[in-house]
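Input: a single structure, listed below in structure tokens.
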Amino acid sequence: MKLITHNMLTSKCMKGVTVGYPLKIQAVDVKTSEVDFNPEFISRLIPKVDWNVLCEAAESVGFLDDLPRELIENYENDVDFLKKAHRVLLEVDIINGELVCPETGRKFPINNGIPNMLLNEDEV
Amino acid sequence: MWPCMKLRHLQELLQQIDDFHKPKILLEQYATPSHLASHMLYTIQTQYGDIDGKIVADLGCGCGSLTIGAAALNAGTVIGFEIDTDALEVCYKNVTDQEFSSIDIVQCDISQDLFTNGWFKKFDTVIMNPPFGTKHNAGIDMDFLKKAIQLSNNSIYSLHKTSTRNHVLKFATANGATGEVLAKLQYDLPSTYKFHKKSSVDIEVDFFRFEVIK
Ligand SMILES: C[S@@+](CC[C@H](N)C(=O)[O-])C[C@H]1O[C@@H](n2cnc3c(N)ncnc32)[C@H](O)[C@@H]1O
């Protein structure tokens, strides 16, 4: 699971959950895999992302490195910044672990890099 | 015409993808045949430029043929969504074998709302070969289309039975997208899906493009 994906997952439709975001990450196994860098794509991706949540997620799995916690101005023109964002959004990959609902503590397992977000009928 | 890899190369790649091992009839698990999948993806990229550098979702990604095809055509990121653990095992293996690192997979039920909450309008393009809703799951095809329209900020490409064309077009308009049929295809369904004596049956399927009304 990439951090771009984590940035969009919620547990909101569970019974009794009001926000369900962000899900906590308990990583067991994290790797990085090289993805082609496309600066134009990353520039368009950044506005879709909750930047704070991204930074916290990156930090919690030990890959924040020197990514600025505040989104800088004119990032479209800053290749260095875009490369750092690219790495955190697309290259960090959580292979095994769990996502945890911040309100109920419900755990969603991650196996082979695939988070299992299925809910039982009595949970929705 | 937008730049694209050769159609023949795309089809060769998709031919190598491993299929469902024990297809589940209730989930309507049959892979999009490689010649159809490659033609669909090739059209989406060459005619509309909707894959290269885009964030793409594949709803009901199964063993991953559309997901992997989109990655091969240089999608910025492709996220595949699928309910079934067995299909995902095959999908994981296919993605790993092909070494596409721009792919991410999520296991979820597309009919549940959980799914769309955080993804609203985040995708440029949604591609899918949804269940047709012929196996005691009437309406699931429209469920998929509704979710696809919620996820996409631009376009959706999908397959639906030709016999439901007018209904599909009306449903799309009512949910915020305009549809057009790009091609009518003969879809060769394995006979298991039709309770038929013949080994396979051709059904007529429309290849749709929907554009989100902004
Ligand atoms: C016709 S197959 C297409 C598979 C693959 N996309 C392809 O093109 O080869 C439909 C897929 O949707 C999945 N599916 C069915 N119902 C689903 C649901 N409610 N949520 C998510 N996936 C579902 C099935 O398991 C199956 O893999």
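Each chain gets a letter, A, B and so on, in the order the sequences are listed, and its residues count up from 1.
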[X] [atom1]: over 12 foreign heavy atoms closer than 6.0 Å:
X	atom1	result
A:D36	CG	no
B:K93	NZ	no
B:H39	NE2	no
B:K122	NZ	yes

- Message: Using the rule given for side-chain contact (heavy atoms from CB on, under 4.5 Å), can you reason through A:T5 versus B:W119, listing the C-alpha separation, both sets of side-chain angles and the distance that settles it, and then say yes or no?
- Response: CA-CA 9 Å; A:T5 302; B:W119 308 82; 3.7 Å; yes
To the nearest 0.5 Å, how far apart are [atom1] in [X] and [atom2] in [Y]?
X	Y	atom1	atom2	result
A:I114	B:C91	CD1	SG	6.5 Å
A:N112	B:T96	CG	OG1	7.5 Å
A:M14	B:Q112	CE	CD	10.0 Å
A:I4	B:I79	CD1	CD1	6.5 Å
A:D93	B:D104	CG	CG	6.0 Å
A:M117	B:F81	CE	CZ	10.5 Å

Against chain B, label [X] side chain, backbone, both or neither, depending on which of its atoms sit under 4.5 Å from a heavy atom there.
X	value
A:I110	neither
A:V35	both
A:E91	neither

What are the two closest non-hydrogen atoms of [X] and [Y], and how far apart are they?
X	Y	answer
B:S101	A:K2	O-NZ, 2.6 Å
A:L118	B:I83	CD1-O, 3.6 Å
A:K48	B:K121	NZ-O, 4.5 Å

- For the side chain of A:R44 and the backbone of B:I55, is there at least one donor-acceptor N/O pair under 3.5 Å apart? no
- Pair B:T77-A:F41, side-chain contact (heavy atoms from CB on, under 4.5 Å): steps then yes or no: CA-CA 9 Å; B:T77 303; A:F41 176 66; 3.4 Å; yes
- At a heavy-atom separation under 4.5 Å, does B:I105 approach chain A through its side chain, its backbone, both, or neither?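 Answer is both: backbone and side chain atoms of B:I105 are under 4.5 Å from chain A.
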